[in-house]
Protein chains: 2
Amino acid sequence: MEELLKISELSEQTGLSAHTLRYYEKHGLIQASTRSEAGYRFYTDSDVRRVQFVKTARNSGFSLDDISQLLSIRVDKESHSCQDVTDITQKKLDQVNAKLAELHSMQHTLELLLESCCGGPENATHCSIIEALDAGVVDKEAFGQARHEST
Amino acid sequence: MEELLKISELSEQTGLSAHTLRYYEKHGLIQASTRSEAGYRFYTDSDVRRVQFVKTARNSGFSLDDISQLLSIRVDKESHSCQDVTDITQKKLDQVNAKLAELHSMQHTLELLLESCCGGPENATHCSIIEALDAGVVDKEAFGQARHEST
DNA sequence: GTTGACCTTAGAGCCGACTCTAAAGTTACA
DNA sequence: TGTAACTTTAGAGTCGGCTCTAAGGTCAAC
Ligand SMILES: [Zn+2]
Ligand SMILES: [Zn+2]
Ligand SMILES: [Zn+2]
Ligand SMILES: [Zn+2]
């Protein structure tokens, strides 16, 4: 028995909103196999599997553009190689690694800033964070610690 | 001698485009101390220092909104505490850490996917990446390795 | 006095991935 | 027959941080 799902049912099954599903369709990622006379979308099991593929790929970090490529491989595996697949995956990993490096550097900077500042209720006249940002020095291993009321 | 810079000169000194400087002004981050009769912006040394503060903060990962707060502390240090500063910084660090966690998870997933696939010129009929995405299984420590032409 | 490099403004466009709206048509059920 | 809960579409809005355009005004050099 071929069970056809309406968009809200597909939405329930996949956890993607009907808006998002229509958005994916508009961008060529998915499609309803059939439409009712009134134009209502109806999805087959195979459609559901495709949507789940998209969702899993999305959760794995792939962009819609990546996924579009992965999908064309998926529907015609014979015409594509494993290398085609790893190329997409590796490129994505490279992007993720680049972004990670950037964020790690920010993390490091912010941690240094936090270590340098007392974080107390004293006024910020000699705050080392403000001073560090003022000095443009944010990548040094140590900036001076501000000492409030040191004798 | 008070040396006044035109916007293109400030742009050169800071490495920020004139467009960006005007954008920052529109958003309340910076301002030209004076204008010529014709309306040209002129920046003082103090303006330059403020712009450099913004730039350094930006490079450290702060959003323009964060920076806006940091700037109001900077111009009136007496009215703010070190804690005000660390609150902003800690909040930003939390955001960065959250994003890092997300990206690390993606990195892990993508690495697993890449390990599982031979990446070779064989056709993708049994590609384990495609299969993993199809199965919705992307977070397991091992998915099956595809073996092309194994005997 | 004319070229060309600058400056001004308001406002549009871009990126990605949604998210939502409005206005209209359809369906299920009482 | 009514009404509530769907569905459809095109298109606009959102986020942040720029980036660019158009149409005009200014300025220095030759
Ligand atoms: Zn302090
Ligand atoms: Zn401090
Ligand atoms: Zn393979
Ligand atoms: Zn493969």
Side-chain angles (χ1 to χ4, degrees), chain A residues 4-43 47 51 54-71 88 91-92 95-96 98-99 102-103 106, chain B residues 4-43 47 51 54-71 88 91-92 95-96 98-99 102-103 106:
Chain A
L4 295 176
L5 302 177
K6 283 196 282 193
I7 197 163
S8 64
E9 292 162 334
L10 179 60
S11 168
E12 258 178 66
Q13 287 232 354
T14 59
L16 301 170
S17 77
H19 279 305
T20 297
L21 291 168
R22 289 192 202 96
Y23 174 81
Y24 284 174
E25 179 178 310
K26 190 158 62 181
H27 286 73
L29 297 179
I30 62 171
Q31 227 200 305
S33 293
T34 45
R35 294 268 190 144
S36 73
E37 287 184 9
Y40 283 30
R41 290 165 177 84
F42 283 111
Y43 298 93
D47 295 335
V51 172
V54 171
K55 192 192 177 188
T56 304
R58 199 74 199 80
N59 289 341
S60 307
F62 290 105
S63 68
L64 298 191
D65 211 62
D66 296 331
I67 294 172
S68 175
Q69 292 176 248
L70 290 171
L71 282 167
I88 297 171
K91 201 174 134 209
K92 189 73 215 172
Q95 287 168 15
V96 167
K99 192 75 193 165
E102 196 183 319
L103 283 170
M106 280 184 196
Chain B
L4 296 175
L5 302 177
K6 283 196 281 193
I7 197 163
S8 64
E9 292 162 334
L10 179 60
S11 167
E12 259 178 65
Q13 286 232 353
T14 58
L16 301 170
S17 77
H19 279 304
T20 297
L21 291 168
R22 288 191 204 98
Y23 174 81
Y24 284 174
E25 179 177 310
K26 190 158 63 181
H27 290 262
L29 297 180
I30 63 172
Q31 226 198 305
S33 293
T34 45
R35 294 269 190 142
S36 74
E37 287 184 9
Y40 283 31
R41 292 167 177 84
F42 282 110
Y43 299 93
D47 295 335
V51 172
V54 171
K55 192 192 177 189
T56 303
R58 200 76 199 79
N59 289 340
S60 307
F62 290 105
S63 69
L64 299 191
D65 211 62
D66 296 332
I67 295 172
S68 175
Q69 292 176 247
L70 290 171
L71 282 167
I88 297 170
K91 202 174 132 208
K92 190 71 214 173
Q95 288 169 16
V96 167
K99 192 73 193 168
E102 197 183 318
L103 283 170
M106 280 184 197

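Order of the sequence lines fixes the chain letters, A, B, ..., with proteins taken first and strands second; residue numbering starts at 1 for each chain.
Rounding to whole angstrom units, CD of residue B:Gln31 and C1' of C:dT8 are separated by 16 Å. The distance from atom CG of B:Leu5 to atom P of C:dC7 is 11 Å, rounded to the nearest whole Å. A:Arg22 has its CZ atom 12 Å from the C1' atom of C:dT21, to the nearest Å. Put simply, CG on B:Leu21 is 14 Å from C1' on D:dG17, counting in whole angstrom units. When the C1' atom of C:dA24 is taken as reference, atom OH of A:Tyr40 falls 11 Å away, rounded to whole Å. Rounded to a whole Å, the NZ atom of A:Lys99 is 13 Å from the C1' atom of C:dG16. Following rounding to the nearest Å, A:Leu16 (CG) and C:dT19 (C1') show an atom-to-atom distance of 13 Å. Remark: P of C:dA17 and CG of A:Leu29 are 10 Å apart, rounded to the nearest angstrom.
Taking OH from B:Tyr43 and CD from B:Gln31, the interatomic distance works out to 9.0 Å, rounded to the nearest 0.5 Å. Separation of atoms NZ (B:Lys92) and OG (B:Ser63) is listed at 5.0 Å; rounding is to 0.5 Å.
Annotation: side chain of A:Glu25 is not in contact with side chain of A:Leu21 (no heavy-atom distance under 4.5 Å).
Judged purely by atom type and a 3.5 angstrom limit, A:Lys55 has no side-chain atom pairing as donor or acceptor with the backbone of A:Leu16.
Salt bridge absent: B:Lys6 and B:Glu9 never bring a charged side-chain N and a carboxylate O closer than 4.0 Å.
The nearest heavy atom of DNA chain D to A:Arg35 and to B:Ser63 marks one nucleotide each, and the one closer to the 5' end goes with A:Arg35. Of the two residues near DNA chain D, B:Asp65 and B:Glu37, the one whose nearest nucleotide lies more 5' is B:Asp65.
An OP1 or OP2 oxygen of C:dT8 is reached within less than 4.0 angstrom by a side-chain nitrogen or oxygen of B:Arg41.
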Short N/O separations, protein against nucleotides 18-21 of chain D, under 3.5 angstrom:
from   : atom 1 : to      : atom 2 : distance (Å)
D:dC18 : OP2    : B:Tyr24 : OH     : 2.7
D:dC18 : OP2    : B:Arg58 : NE     : 2.9

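With A:Val51 as the partner, the side-chain contact (heavy atoms from CB on, under 4.5 Å) test is satisfied by one option alone out of A:Thr20, A:Leu29, A:Thr56, A:Leu10: A:Leu10.
The distance between the ring centers of A:Tyr23 and A:His27 falls below 6.0 angstrom.
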